[in-house]
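Okay, so here's the structure we're looking at.
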Number of protein chains: 2
Amino acid sequence: MRKIPEPTVLRLSTYRRCLEDFKAQTNLPFVSSNELGRLAHRNAAIVRKDLSYFGEYGVPGKGYSVDHLLKHILRIMNLRREHRAVLVGAGNLGRALLGYPGFKKLGFRVVAAFDNDPRKVGRKIGEVAIFPVSKLKSEVERKKPAFGLITVPAAAAQESANLLVEAGVRAIINFAPARVWVPPRIVLRNVDLTRELEVASYYLG
Amino acid sequence: MRKIPEPTVLRLSTYRRCLEDFKAQTNLPFVSSNELGRLAHRNAAIVRKDLSYFGEYGVPGKGYSVDHLLKHILRIMNLRREHRAVLVGAGNLGRALLGYPGFKKLGFRVVAAFDNDPRKVGRKIGEVAIFPVSKLKSEVERKKPAFGLITVPAAAAQESANLLVEAGVRAIINFAPARVWVPPRIVLRNVDLTRELEVASYYLG
DNA sequence: CGTCTGTTGAGAAATATTTCACAATTTGAT
DNA sequence: ATCAAATTGTGAAATATTTCTCAACAGACG
C-alpha cells in the first residue's frame, strides 16, 4: 500500500462525518464524489483520489454506496474495534469530551478518569469512575488502554504526559493549553481549542 | 502583501503557543528559527519562510526577539484588539470553552450565552449571563459580537448557525458534532473534537 | 579594524498535493 | 440490445509547499 498523505487522512475523518450527515438527512443509498465534495467543501477529484488510495469502491454512473464507504473508512482508520482510553483531568473539558457523542460511536471507551481534586475522587462522570492521580500507573497497567487524553490545566500537562507514557499508553491526545513533549514512539496529537478562533480572526481581519 | 498559504496561518498559531511556552520556561530574549522549529516539530527553513511573509524581523546571528515576535504574530492574526463573541449552548462544552485560558488571553470576550434549558436561563457561567435562545437576535444586534460559537447537540447545530447568521455575526466556530452550512460571506470553522483521536487511531493501526 | 561564528532571508530545487481531462464502465431507459 | 447519461479511477499537468543552499549580515572578541 502506498504511503497515504496526511491531508488525506484528515479528510477521511471529514468524509466520515459528511457521510453520516448525508445519510441522516437524505437516506439515499449512494453518493457521488461530486456531492461528497460539495459537503466537504472539496473538489470532486480529490475526493476520488483520496478514496482510490484504498482500492476501488465506486460504481461508475452511480457513485459510492454510503454504507459501504462508511464501513470502509472506519476500517482504514482502524476504528472497527473498541479502543480503551483514560482521561487525566475531570474538569469541564474532560466532562465535555466524555459527553461528546462521537466518542462512543467511534468505539472509544473511557475506562478510568484521574484527578487530584479530593472532592472529585471517588465520584463518577457518567459511567466512568474518578481515581486519584496516584493510582494512574496501576490502573493503566491493569486496564491497558492505548489512549491517554489530557484535559488538565496547562501547568499539569507535561507531568500528566510523563505519567501516561511511563504507565504505557501508546497515544496521547493533549487538549490542555500547553505543548508537551513525549518520546518519538508515542503518537502525540495536540488539540488547541482556540486555534480555529485565531484562524477565523485572521480571515476576518 | 502576497497571499499567505493556509498551512502558514495554522502554523503561526502553533508558533505563538510555542513562543509563550519558551518564554515561560527559559525567559530568554531571543529564539532562533532552529529552536522554534524544534519546539513546533518543524524544519527551521519553513519557520523562517513563514515569518518572512510578513516582513523581516530576525536578527542575523541572534534569531528573533521573543517579545517582538509574539506581538507581531498577534498583529498578523488580528488579535491585538478585543473580539466579542456569543456562545450558543451552555452545556459542558460551552463551559469548558469559557474556562479555557487561551480565550481571554487572546482577547475573546464572551458577551452572552444562550440555551433553551429553562433551568439554565437566568444563571451565569462565570461572568456570562445565560439568555433563552429567543433572545439571541436582539442580544446580538445590541452587542454586535463578530463571533458565534456553537456548542449545542448535533441536532440543533444548523438551527443555531441560522440564527447567528440572521442576527449578524461574521464568523462561526462550530464545535457541535455535525456539519453546518452558512452563506459564503460568513467565515466558518468546524472543530471536531474527535478528529485527532481518529488520526491517532489511524497511525496506531 | 579584521575575523570568526551563528543566523537570517530568499532564490532555486525538490517534493507533495491538487486539479484537469478523459477513457472506461455501469446504469437505466427505450 | 443499443444508446445516452452519469460517474469512476487515474495519468498527466498544474499548482502549492517544503527543503536546500548560500550570500549577506550582525555581534563578539582580540
For residues 46-65 of chain A, the salt bridge (charged side-chain N to carboxylate O under 4.0 Å, His left out) pairs (sequence neighbours left out) are A:Arg11-A:Asp50

Listing request: all salt bridge (charged side-chain N to carboxylate O under 4.0 Å, His left out) pairs with a residue in residues 79-90 of chain B, at least two apart in sequence or in separate chains. B:Glu82-B:Arg109

Taking all atoms of both residues into account, what is the closest heavy-atom pair of A:Pro177 and B:Arg17, and its distance? CA-NH2, 3.4 Å

For residues 146-165 of chain A, pull every pair meeting side chain to side chain donor-acceptor pair (under 3.5 Å), keeping only residues two or more places apart or in separate chains. A:Gln158-A:Asn162

Pairs meeting criterion side chain to side chain donor-acceptor pair (under 3.5 Å) with involvement of residues 22-31 of chain A, two or more places apart: A:Lys23-A:Asp67

Give every donor-acceptor pair under 3.5 Å between a side-chain atom in residues 128-140 of chain B and any protein atom, sequence neighbours left out.
from: B:Ser138; atom 1: OG; to: B:Lys135; atom 2: O; distance (Å): 3.1
from: B:Glu139; atom 1: OE1; to: B:Arg142; atom 2: NH2; distance (Å): 3.4
from: B:Glu139; atom 1: OE1; to: B:Lys143; atom 2: NZ; distance (Å): 2.8
from: B:Glu139; atom 1: OE2; to: B:Arg142; atom 2: NH2; distance (Å): 3.4

Can you tell me which nucleotide in C:dG6, D:dG9, C:dT17 comes closest to the side chain of A:Ser52? D:dG9

Taking only the side-chain heavy atoms of B:Pro60 (C-beta and beyond), determine which of C:dT27, C:dT7, D:dT18 contains the nearest atom. C:dT7

Between atom [atom1] in [X] and atom [atom2] in [N], what is the gap in whole Å?
X	N	atom1	atom2	value
B:Glu6	C:dT17	CD	C1'	14 Å
A:Tyr53	C:dA16	OH	P	11 Å
B:Leu51	C:dT7	CG	P	15 Å

Assign each of A:Thr8 and B:Glu56 to its nearest nucleotide of DNA chain C by heavy atoms, then name whichever residue's nucleotide is nearer the 5' end. B:Glu56

Between the protein and nucleotides 19-22 of chain D, list every N/O to N/O distance that falls short of 3.5 Å.
from: D:dT19; atom 1: O4; to: B:Lys49; atom 2: NZ; distance (Å): 3.3
from: D:dC20; atom 1: OP2; to: B:Asn43; atom 2: ND2; distance (Å): 3.4
from: D:dT21; atom 1: O4; to: B:Arg48; atom 2: NH2; distance (Å): 3.4

Under a plain distance cut-off of 3.5 Å, with no hydrogens placed, do B:His72 and B:Tyr57 share a side-chain donor-acceptor pair? yes

Among residues at least two apart in sequence or on other chains, which ones pass salt bridge (charged side-chain N to carboxylate O under 4.0 Å, His left out) with A:Arg75? none

Please list every donor-acceptor pair under 3.5 Å in which a side-chain atom of residues 93-106 of chain A meets a protein atom from a residue at least two apart or in another chain.
from: A:Arg95; atom 1: NH2; to: A:Ala90; atom 2: O; distance (Å): 3.3
from: A:Tyr100; atom 1: OH; to: B:Phe175; atom 2: O; distance (Å): 3.0

Please list residues of residues 9-40 of chain A whose heavy atoms come under 4.0 Å from any atom in DNA chain C, ordered by number; otherwise none. A:Arg11

Near DNA chain C, counting only heavy atoms under 4.0 Å, which residues of residues 62-74 of chain B show up? B:Lys62, B:Gly63, B:Tyr64

Using the test side-chain contact (heavy atoms from CB on, under 4.5 Å), find all partners of B:Ala24 that sit at least two apart in sequence or belong to another chain. none

Show me the pairs that pass ring pair (Phe, Tyr, Trp, His ring centres under 6.0 Å) and involve residues 146-165 of chain A, at least two apart or across chains. A:His83-A:Phe147, A:Phe108-A:Phe147

